[in-house]
Amino acid sequence: MGKLGGFLQIQRLGIPQRDPAERVHDYREFQLQRPVAELSEQGARCMDCGVPFCHNGCPLGNLIPDWNDLVYRDRFKDAIAQLHATNNFPEFTGRLCPAPCEAACVLEIREGEAVTIKQIEYAIANTAWSEGWVTPQPPDPRRETGQAVAVVGSGPAGMAAAQQLRRGGHRVTLFERDEAIGGLVRFGVPDFKIEKTIVQRRVEQLIAEGVEVRCGVEVGSDVTVEELRASYDAVVLATGSRVPRELPVPGRELDGVHFAMEYLYQRNRWVAREFGPEPTVAQPPLEREITAEGKDVVVIGGGDTGADCVGNSLRQGARSVVQLELLSEPPPQRPDDLTPWPEWPLKYRLSYAMDEAKTQGVGEQDYSVTTTSFADDGRGGVAALHIARAQPEPPFAPMGGTERELPAQLVLLAMGFLGPEQGLLDQLGVEKDPRGNIKAVKPYTSSVEGVFAAGDARRGQSLIVWAINEGRQCARVVDRFLATRRGGAQASTGVTDEGIAGHADADEGPEGPPQHVGPGIGAG
């Protein structure tokens, strides 16, 4: 596997990026691909571990050492076959996943020396598309079951479930209330992280395989629950975790204080109008513009969503951008006493967006800050935040004598999500867990017969790799249910993963939200 002793001879080369001073003026992707010769050397660093802990770090169970070795040997076509064996959309994860596999790499015992798994995955997927190796895979007509499945929600979990079920011979309809397929990957994540042509070509693949796509349709109102249950043999709920965390302080109602997704959705729709791809099924709603141009912007929340708000604000021409985080600043190196290898290290990482902001000289990031109120500009708009240093432990109360005012004409709340929207769940009558997620009484199976759940709606807000894994594994369970309904003993060929290493009984995986960013597949 790889080059004997390669990890001792070849230096790790990270993911190349475009110059922050250049990319901040456009919406093209900032991640770049290394030449094949360099990628081959990076693949050669994979050291044929007796126990490849990268598998533990990857919720999808990707066959990482296998395709590292194939890239080392310049066998990209075989590598994409290995990637697709466990991952429907490796070009999504190669761009958006934080790579818990690298944190679990055995070479990461020496911090910063992990195999560059993410950029190799990214290159394999890019090469496969450019060479025309990714083609529709509709089921053999002889394997059509005649049974129909509705998948509600078209994020990565819904897309993966729809594709797996269609390839298993079922009729699949993918419902999406927005004007295009993709969920938060389409509307929440900026084009400079993943251009939407990357998402659209997977949508076209789904359609070519026979998945019916219905955009601009809200299940529960445009299509009633009764109509859905009457028309489909099974329903998969993959609606995501979309209820944002609120900030209940005085002045919250002022104009200019918005949830992050209100802003990010609007910016992605603007980019789609300007550069494409435009929606082809339904038109986006008309919205009052939220703009950062010429304003002092404050982003509350230090995660990826907050960083995406920062990046968009810079591209709109914000005068200044400050990103606030309630928690204390993490250490620069892995704290071995708290998150020892191979766990995900809780350490400081400079985001791509804050790198851009600091390069432009208009941004800063502050930790241990709590917001106590918003100040009115006298016209019903926000003028400033009243903030204070936060105590280091919950409930992170303000510390006396540390209060100050921070100017802001636009405030974006990026403090995470609480759970799925409840309306459709209540109409269907599914049982919920204490966090409001759909409770799985059996793996991926709700309390209502014929209704299944996958992704963030089931496990809570999590990573894209978890979403794709959940969609795949939920499809297995749905397929078995449908086989029983038609009197068969075996699930349809093509939906199951039993023949793939690490995936036997994977539908018995962990329940509930993850305890940290990158738990492994878990028991089973």
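- Around the CD atom of E293, the shell of radius 6.0 Å holds no more than 12 heavy atoms that belong to other residues, nucleotides or ligands.
- By the 4.5 Å heavy-atom criterion applied to side chains, P420 and Q422 are counted as neighbours.
- Side-chain contact of Y352 with D304: a donor-acceptor pair under 3.5 Å is absent, judged by distance alone.
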Can you list the steps and then say if Q164 with R476 is a side chain to side chain donor-acceptor pair (under 3.5 Å)? CA-CA 8 Å; Q164 293 296 100; R476 291 157 46 105; over 6 Å; no
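- Salt bridge annotation for R186-E176: absent, with no cationic side-chain nitrogen under 4.0 angstrom from a carboxylate oxygen.
- With hydrogens and angles ignored, the 3.5 Å screen pairs no side-chain donor or acceptor of R334 with any backbone N or O of K347.
- Checking Q461 against D456 by side-chain atom types alone, no donor-acceptor pair falls below 3.5 Å.
- Taking 4.5 Å as the limit, some side-chain heavy atom of L463 sits within range of a side-chain heavy atom of P100.
- You'll find the side chain of I181 reaches within 4.5 Å of the side chain of M159, heavy atoms only.
- Residues C54 and P65 meet the side-chain proximity criterion, which asks for heavy atoms closer than 4.5 Å.
- Taken from CD in E91 to CG in L83, the straight-line distance is 9.5 Å, to the nearest 0.5 Å.
- More than 12 non-hydrogen atoms from other residues, nucleotides or ligands lie less than 6.0 angstrom from CG of N126.
- A donor-acceptor contact shorter than 3.5 Å links the side chain of Q205 to the backbone of T135.
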Determine, step by step, whether W129 and I198 satisfy the side chain to side chain contact (heavy atoms under 4.5 Å, CB included) criterion, reporting the C-alpha distance in whole Å, the side-chain angles of both residues, the deciding distance to 0.1 Å, and the verdict. CA-CA 10 Å; W129 278 101; I198 304 296; over 6 Å; no
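- Under 3.5 Å, the side chains of R166 and Q163 contain no donor-acceptor pair of N or O atoms.
- In this structure the side chain of L410 reaches within 4.5 angstrom of the side chain of H258, judged on heavy atoms.
- The closest side-chain heavy-atom distance from V24 to T359 is not below 4.5 Å.
- With salt bridges taken as basic N to acidic carboxylate O contacts below 4.0 Å, one links E470 and R459.
- In the model, T239 has no side-chain atom that pairs as donor or acceptor with a side-chain atom of E421 under 3.5 Å.
- Remark: the E329 side chain and the Q365 side chain contain no N/O donor-acceptor pair separated by less than 3.5 Å.
- Annotation: F53 is in aromatic contact with W341 [ring centroid separation under 6.0 Å].
- Between E102 and R12 there is a salt bridge, since a side-chain N of the basic residue sits under 4.0 Å from a carboxylate O of the acidic one.
- Remark: Y265 engages D178, R242 in a side chain to side chain donor-acceptor pair (under 3.5 Å) (not counting sequence neighbours).
- With hydrogens and angles ignored, the 3.5 Å screen pairs a side-chain donor or acceptor of R23 with a backbone N or O of R18.
- A side-chain N or O of E121 and one of N87 form a donor-acceptor pair less than 3.5 Å apart.
- Under a 3.5 Å cut-off, the side chain of S154 and the backbone N or O of G182 do form a donor-acceptor pair.
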Please test Q266 against R269 for side chain to side chain donor-acceptor pair (under 3.5 Å), starting from the C-alpha separation and ending with a verdict. CA-CA 5 Å; Q266 196 174 101; R269 284 172 169 150; over 6 Å; no
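- Residues passing the ring pair (Phe, Tyr, Trp, His ring centres under 6.0 Å) test with F259, sequence neighbours excluded: none.
- Under 4.0 Å is where a charged nitrogen must lie from a carboxylate oxygen, and between E209 and R167 at least one such pair does.
- At least one donor-acceptor pair under 3.5 Å links the side chain of Q316 to the backbone N or O of A292.
- Side-chain atoms of K118 come within 3.5 Å of backbone N or O of C97 as a donor-acceptor pair.
- Side chain of Q323 to backbone of G301: a donor-acceptor contact under 3.5 angstrom is found.
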Side chain to side chain contact (heavy atoms under 4.5 Å, CB included) assessment of V236 paired with C474: CA-CA 8 Å; V236 174; C474 182; 4.0 Å; yes
Side chain to side chain contact (heavy atoms under 4.5 Å, CB included) for R28 and E195? Distances and angles first, verdict last. CA-CA 7 Å; R28 292 183 291 112; E195 294 175 11; 3.7 Å; yes
Dump the intermediate steps for side chain to side chain contact (heavy atoms under 4.5 Å, CB included) on E131 and K77, then the final yes or no. CA-CA 9 Å; E131 293 292 333; K77 192 169 186 178; over 6 Å; no
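- A salt bridge does not link D191 to R315: none of the charged nitrogens lies less than 4.0 Å from a carboxylate oxygen.
- Side-chain atoms of L184 and M261, non-hydrogen and from C-beta on, do get closer than 4.5 Å to each other.
- For the pair V106 and P52, the minimum side-chain heavy-atom distance is 4.5 Å or more.
- Other residues, nucleotides and ligands contribute at most 12 non-hydrogen atoms within 6.0 Å of the CD atom of Q11.
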Can you list the steps and then say if Q119 with Q31 is a side chain to side chain donor-acceptor pair (under 3.5 Å)? CA-CA 9 Å; Q119 72 166 304; Q31 182 173 326; over 6 Å; no
